[in-house]
Amino acid sequence: MRSTLSLCCLALLCFALAEGALRKPKKTAPAPDATANATPKAEPEESGTPVTVPKTLSRGWGDSINWVQTYEEALAKSRGTKKPLMVIHHLEDCPYSQALKEAFSADPMAQKLAQEDFVMLNVVHPVADDNQSPDGHYVPRIIFVDPSMTVRTDLAGRYGNRLYAYEAGDIPELVTNMKKAKILLHTEL
């Protein structure tokens, strides 16, 4: 009797775990961030479950820039518009990423170039394309991709050990590389 009861309990536990694994995960609300322009939470539904409105895609890098949501969408838009893609890899809790974000969003030339001449994507999670990390998975790093879907490894920052890293004081170098990506785009296509 005991072994039958134990077997039944084990079967129920396995069934519950399998059912839970097949369910879609619930979306959780993003952590509040005082530096980002987050939209306020909506009123809870009658069921008692709060409904949240996601943060903007800019994540504080420039709300006037038209950001794309995924790497695949960015590549397609870059091909369609014949504009280079600029991918900013960063982390929300990284002090270097935060400093670069503040400097980038405060620089009028970087914002103007990003608005007018680039397809823009900022990611906080690694992308599946290994070409996005030609020299490692550090942050912050900025990679340029031309509309032919070629990663521009020639447009690097000033650091020898982290070629695509930029710090807050490197905005002039970043703006120069943005201009090079734009000019080379028109001469190569």
Side-chain angles (χ1 to χ4, degrees), residues 25-43 50-78 81 83-129 131-146 151-152 155-159 162-182:
K26 292 182 179 178
K27 293 184 180 180
T28 57
D33 185 3
T35 61
N37 294 337
T39 54
K41 289 185 179 181
E43 292 298 317
V51 176
T52 59
V53 179
K55 288 191 229 181
T56 64
L57 292 176
S58 77
R59 295 184 180 97
W61 289 87
D63 289 334
S64 60
I65 297 170
N66 186 18
W67 297 91
V68 293
Q69 191 166 359
T70 64
Y71 184 59
E72 292 76 19
E73 177 187 355
L75 290 173
K77 189 170 183 178
S78 176
T81 61
K83 290 183 179 181
L85 166 62
M86 182 172 154
V87 184
I88 303 172
H89 297 268
H90 65 100
L91 293 174
E92 293 291 333
D93 59 349
C94 169
Y96 298 102
S97 296
Q98 293 298 321
L100 180 61
K101 179 194 311 186
E102 289 175 17
F104 182 82
S105 63
D107 188 86
M109 181 55 80
Q111 291 291 300
K112 182 177 189 288
L113 286 168
Q115 288 170 13
E116 297 173 2
D117 300 317
F118 287 88
V119 174
M120 297 295 293
L121 172 67
N122 70 69
V123 292
V124 291
H125 303 289
V127 295
D129 186 357
N131 293 318
Q132 285 295 303
S133 52
D135 66 335
H137 290 276
Y138 53 86
V139 291
R141 95 179 161 273
I142 298 176
I143 305 288
F144 295 95
V145 182
D146 72 18
V151 174
R152 297 294 305 272
L155 298 176
R158 63 185 183 121
Y159 304 101
R162 298 166 296 140
L163 293 176
Y164 308 99
Y166 294 88
E167 293 182 0
D170 299 334
I171 294 297
E173 178 77 21
L174 177 58
V175 167
T176 299
N177 280 343
M178 291 172 79
K179 289 177 181 177
K180 286 179 186 177
K182 188 176 98 169

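Just so you know, these numbers come straight off a predicted model, no measurement behind them. Nothing fancy with the numbering, it's 1 onward along the sequence.
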So, for Leu85 and Ala74, which heavy atoms are closest and what is the spacing to 0.1 Å? CD1-CB, 3.5 Å
For Trp67 and Gly62 the tightest heavy-atom approach is NE1-O, 2.8 Å
If we count only N and O atoms by modelled type, under 3.5 Å, do the side chains of Ser64 and Gln115 hold a donor and an acceptor together? yes
Going by atom types alone, do Tyr164 and Asp135 pair a side-chain donor with an acceptor below 3.5 Å? no
Any heavy-atom pair between the side chains of [Y] and [X] that's under 4.5 Å?
X      : Y      : result
Gln69  : Leu121 : no
Asp129 : Glu72  : no
Val68  : Met120 : no
Ile142 : His89  : no

Should Lys83 and Asp117 count as an ion pair when the cut-off is N to O under 4.0 Å? no
Less than 4.0 angstrom from a charged side-chain N to a carboxylate O is my criterion; do Arg162 and Glu167 meet it? yes
Worked check of salt bridge (Lys or Arg N to Asp or Glu O under 4.0 Å) between Glu73 and Lys77: CA-CA 6 Å; Glu73 177 187 355; Lys77 189 170 183 178; over 6 Å; no
Between Pro140 and the options Asn122, Leu91, Leu100, Ile88, the side chain to side chain contact (heavy atoms under 4.5 Å, CB included) test singles out Leu100
Distance-only, no hydrogens or angles: does the Asn177 side chain make a donor-acceptor pair with backbone N or O of Ala156 under 3.5 Å? yes
From Trp61 CH2 over to Ser97 OG, what is the distance, rounded to the nearest 0.5 angstrom? 6.5 Å
